[in-house]
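What follows is a set of notes on a single structure, which appears directly below.
What's counted below: heavy atoms across the whole structure, side chains too, no hydrogens, waters or symmetry copies.
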Amino acid sequence: MHDLKLLRDNVAALREGMRRRQILDVAGPLIDRAEGLDRERRSLLARIEERKAARNAASQEVARRKKAKEDAEALIAETRALGDEIAALEREYDHAMSELERLQYELPNIPLPDVPDGGEEANTVVRTWGEPRPSDGVRPHWEVGAKLGILDLERGAKISGSGFVVLRGLGARLTRALMSFMLDLHTREHGYEEVWVPFLVNRRSMTGTGQLPKFEEDAYAATDDLFLIPTAEVPVTNLYRDEVLDASALPKAMTAYSPCFRREAGAHGKDTRGLIRVHEFDKVELVRYSVPEESPAQLELLTGHAEAVLQRLGLPYRVVLLAAGDTGFSSAKTYDLEVWAPGVGKWLEVSSCSTFTDFQARRANIRYRPGPGEKPRFVHTLNGSGLAFPRTIIAVLEHYQRPDGTVTVPEALRPYLGVDVLA
RNA sequence: GGAUGGGUGGCCGAGUGGUUUAAGGCGCACGCCUGGAAAGCGUGUGGGGUGUAACAGCCCUCGCGGGUUCGAAUCCCGCCCCAUCCGCCA
């Protein structure tokens, strides 16, 4: 969500941001409409407030006259008329404001200057780590997983449907190991506070981080107006919603495990095999709050924390800076971490590290006070996976695969898993 | 799920229709005083919007949303949250 003042002070920047996202054809008319509505709204507001001031003065005069036992009937009638006028104007105002708010929630964040122009094809690999293993002779994870008896896709589909998986034996234990390993790394070495949050959240939270209102069809809705979280970003970022933090609390760093539920509406037929794209998966998430001045550096830091997980696991990956047209709705800049999966022969996104500048903070009303006596400002929010489990498991099963179909357990996971080999 | 009691400014707390369109206190900031400090005294001290070159001014804000009224923290309706008790339950 953008500050309405942007419409008055720098609408060109907003327009340019939408052009860079390649949606100016759709967003341009929305911006024009919003500009008009904002003007209309402010002019109505001026008239309303003028009349309210008059009514307040008149009411006081009524009080004075009553106290003095003077006649106030004529004045009361006048004030009543003023009240009717105010009510009529307020109806107009509410009408304009609600449409303006709807438009506000429709417009995505403005990409940072160092985000490349263009669509997906303009995404830029900024660095690569490790040696991608050649695909020759490497079986895809679903074959290895089935053979090892740790992955049961058929029964996942039976009990829940396509896109739901059952892990068993060492596969189930691998999930538990990944959770502990990642949380330990981030809390002990990267300074994050571990939090455990609800996996059902209300509408306000989903709106705060930007999933709603625009992407409601992507979420699983429960009864009582609750939603299954698509990522721990939602509950964790919303932790300090409607609060003002002390400057000394920043930067704030929190990490949480959670399952993630995604309908993947519109993604059917893409990457349907195995663990690549599923409706429910597990993940450890990293969330940071920062002062605006430091958020670019904080994004680099957070991305490094996510990368550290892959490095500890010895999994080759690359860091991709997303182009403006491929950057998510709420994000101003995103690095995708893509792990190499030789079995399926693809780079798979295991983490998406983003800075949202004040876009989410404004929606969720998360502020901080720069100093004593100073006005609160919006924080900048950032987050990234650290990491998503299924694709990490894919990479482990494929990268560490042996000719006989067994899998070497990465050094870092052995203390958590208790075995050296998946066999 | 049922019952009862609550939700007021950073905190405590007064306030059942109009000099309370938020008293008083604490805390905090600044000033006076002091060799320095404490105490004391004085002044100031929420958030949002609109507006301005910047001030000022004005509007909104007493959990949230409606309603009654010339006027609502105060009256009415609905909802949310908290506490306690009962029931149920992992």
Taking every non-hydrogen atom, the tightest pair across [X] and [Y]:
X      : Y      : value
A:S258 : A:F199 : CB-CE2, 3.6 Å
A:A306 : A:L337 : CB-CD2, 3.6 Å
A:L382 : A:F356 : CA-CD1, 4.0 Å

Rounded to whole angstroms, how far apart are [atom1] on [X] and [atom2] on [N]?
X      : N     : atom1 : atom2 : answer
A:L7   : B:U50 : CG    : C1'   : 16 Å
A:L100 : B:U50 : CG    : P     : 11 Å
A:D3   : B:G49 : CG    : P     : 7 Å
A:E73  : B:G71 : CD    : P     : 13 Å
A:L75  : B:G18 : CG    : C1'   : 13 Å
A:K66  : B:G18 : NZ    : P     : 12 Å
A:E374 : B:U45 : CD    : C1'   : 15 Å
A:R377 : B:G46 : CZ    : P     : 20 Å

Across the strands shown, which category fits [X] at heavy-atom distances under 4.0 angstrom: base, sugar-phosphate, nothing?
X      : result
A:R369 : sugar-phosphate
A:R51  : nothing
A:R8   : sugar-phosphate

N/O (side chain, [X]) to phosphate O (OP1/OP2, [N]) under 4.0 Å:
X      : N     : value
A:K5   : B:U50 : yes
A:R65  : B:G18 : no
A:K375 : B:G48 : yes

Nearest-neighbour nucleotide for the [X] side chain, [options] considered:
X      : options             : answer
A:R367 : B:U50, B:G48, B:G18 : B:G48
A:R42  : B:G18, B:G51, B:G49 : B:G51
A:Q60  : B:G48, B:U21, B:G49 : B:U21
A:V62  : B:G49, B:C70, B:G48 : B:C70
A:P376 : B:G49, B:G48, B:C70 : B:G48

Sidechain N-carboxylate O distance under 4.0 Å for A:E411, A:R414: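 Salt bridge: yes.
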
For atom [atom1], what is the distance between [N] and [M], given to the nearest Å?
N     : M     : atom1 : value
B:G35 : B:G24 : C1'   : 36 Å
B:C62 : B:A72 : P     : 11 Å
B:G46 : B:G10 : C1'   : 8 Å
B:A73 : B:C64 : C1'   : 14 Å

Nucleic acid contacts of residues 76-85 of chain A, taken as heavy-atom distances under 4.0 Å to RNA chain B: A:I76, A:T79, A:R80

A:N109 and A:T357: side chain donor to acceptor below 3.5 Å: yes

Residues A:Q360 and A:T381: side-chain donor-acceptor under 3.5 angstrom: yes

What's touching nucleotides 28-30 of chain B from the protein side, N or O pairs under 3.5 Å?
none

A:T255 and A:E193, any side-chain heavy atoms less than 4.5 Å apart: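 No; the side chains remain at least 4.5 Å from each other.
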
Check against side chain to side chain contact (heavy atoms under 4.5 Å, CB included), A:L89 and A:R51: CA-CA 10 Å; A:L89 287 168; A:R51 282 160 181 75; 3.7 Å; yes

5'-to-3' dot-bracket of RNA chain B (Watson-Crick, G-U; under 3.5 angstrom; crossing pairs as [ ]; | other strand): ((((((((.[[[..)..(.....]]]((((((.......))))))(((((......))))).[[[[[..)....]]]]])))))))....

Lys/Arg cation over aromatic A:Y416: A:R173, 6.0 Å, 45° cone: no

Sequence neighbours excluded - salt bridge (Lys or Arg N to Asp or Glu O under 4.0 Å) pairs with any residue from residues 363-379 of chain A: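 Every pair satisfying salt bridge (Lys or Arg N to Asp or Glu O under 4.0 Å) with a residue in residues 363-379 of chain A: A:E293-A:R377.
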
Whether over 12 other heavy atoms sit under 6.0 Å from A:R241 CZ: yes

Name of the residue among A:T207, A:N202, A:T209 meeting side chain to side chain donor-acceptor pair (under 3.5 Å) with A:S205: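 Result: among A:T207, A:N202, A:T209, A:N202 is the only option passing the side chain to side chain donor-acceptor pair (under 3.5 Å) with A:S205.
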
Every protein N/O lying under 3.5 Å from an N/O of nucleotides 57-68 of chain B:
{"unit_1": "B:C59", "atom_1": "OP1", "unit_2": "A:N56", "atom_2": "ND2", "d": "3.0"}

Centroid separation A:F227 to A:F261 less than 6.0 Å: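 Ring-ring flag for A:F227/A:F261: false, centres at least 6.0 Å apart.
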
Centroid separation A:F281 to A:F389 less than 6.0 Å: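 No.
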
Residues forming a ring pair (Phe, Tyr, Trp, His ring centres under 6.0 Å) with A:H190, sequence neighbours excluded: A:H186, A:H305

Heavy-atom donor-acceptor pair, A:D152 side chain to A:R155 backbone, under 3.5 Å: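 Checked: pair present.
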
